[in-house]
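We count residues from 1, following the sequence as given. One-based numbering, in listed order, for ligands and for the atoms of each.
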Amino acid sequence: MPAAPLPRLRLLATGGTIAGAQTAGRGYRAAALSIEALVAAVPQLATLAQIEVEQVAKLGSQDMTEAVWRKLAARAQAALDDPAITGVVITHGTDTMEETAYFLSLVVRSEKPVVLVGAMRPATAMSADGPMNLFNAIAVATTPAAHRRGVLVVANDEIHFAREVTKTNTTQLGTFHSGQRGLAGLVNAGRPHFYAPPVRRHTAASEFAPLVAASARARTLPVAASVSEWPLPRVDIIFAHAGMDRALIEAAVAAGARGLVIAGVGDGNLGAPALAACAAAAKKGVAVVRSSRTGGGVVERNIEIDDDRLGFIAADELNPQKARVLLMLGLTRTTDPRALQELFLAY
Ligand code: GLU
């Protein structure tokens, strides 16, 4: 009996430490290596899938932009719409991976897996984590059990949901955590084990998907062409602290922010001067979302702050950086705080 052909997988590369090379001294340069070089370094990948590579960007993810998000969404959607493609893997820096993953989970329409993967050690480092992470990511993205689980992050033998995952440590391999609702699963040397499915709306059930019309997904699409289709409104994140005044909130509004996400103290709280500035912003029609700087828990409405009276939105479980992503997309549909609140309870 001839062996069944291996699944076809599209590997989209954006750079990051997984493609990083050490420099003289203690440093390294992210995104130094091409995706072809990364794949060539792990011959075992050829046992998992027929891999088609595409270099979408070449950057450290601190330089990730909305324009690259859009291009990535378009290229991922084009791959997923191809019946011959089983899944998509995206190499990405770990710094802002959670934001890209959550954005894609809201704007890509498919039941097939999309897996983001990165590394904490550069490709040239001793005991680099990238090769096994890439192997595991491709194993997850070619597994039928990964379907309908939305966008996933694979690193350090763990599988995370885009909505739940966050980077928690500057340098250590186990940086990613899904502390609130737990892991999507584990993956041992290419053998995935999935736990419960995700709880909130995503991908095929997202009202924001697909981001770009099929006609705009041609391979030659310049980044700018997709950006001009649907510019996202400016949303700024403001980090709260003891002794905070109005200045940063007013500066954000003056800079044209249509939404503010407050990384509030504790349960999304703010001292009186900053609260008054937010109330004034909300009165002018700026969407004010209260999230928390604590890294965990739920921000509920009307606990210490009267959201109903002030016209604020509670971020529910989203951390500030993910609340910003959802608010940018939400503001393309509505500026009504009650309708925006519904989004925060649904996604
Ligand atoms: N700043 C780099 C990036 O996000 C390093 C982090 C990493 O990839 O692990 O691309």
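The ligand atoms of ligand 1 that sit less than 4.0 angstrom from a heavy atom of Q62 are 1 (N), 2 (C), 3 (C), 4 (O), 10 (O). Atoms of ligand 1 lying under 4.0 Å from at least one heavy atom of Y28, given by number and element, are 5 (C). In summary, the atoms of ligand 1 found under 4.0 Å from a heavy atom of G93, numbered by their order in the structure, are 3 (C), 4 (O), 8 (O), 10 (O).
Taking only nitrogen or oxygen atoms, main chain and side chain alike, S61 reaches within less than 3.5 Å of ligand 1. Polar contact check, T94 against ligand 1: a nitrogen or oxygen pair lies under 3.5 Å apart. Considering backbone and side-chain atoms alike, D95 places an N or O below 3.5 Å from some N or O of ligand 1.
The environment of E250 atom CD is dense: over 12 non-hydrogen atoms of other residues, nucleotides or ligands sit within 6.0 angstrom. More than 12 non-hydrogen atoms from other residues, nucleotides or ligands lie less than 6.0 angstrom from CZ of R8.
Contacts between A119 and ligand 1, counted as non-hydrogen atom pairs separated by less than 4.0 Å, involve the backbone only.
When T91, T14, T17 are checked for heavy-atom proximity to atom 7 (C) of ligand 1, T17 turns out nearest.
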Pair R201-Y347, side chain to side chain donor-acceptor pair (under 3.5 Å): steps then yes or no: CA-CA 5 Å; R201 287 174 68 175; Y347 290 92; 3.2 Å; yes
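Note: the hydrophobic cluster containing V115 also contains F194 (ILVMFWY, side chain heavy atoms under 4.5 Å, direct or indirect links).
Here the CE atom belonging to M328 is positioned 10.0 Å from the CG atom belonging to L106, to the nearest 0.5 angstrom.
Remark: R290 does not engage D306 in a salt bridge, criterion side-chain N to carboxylate O under 4.0 Å.
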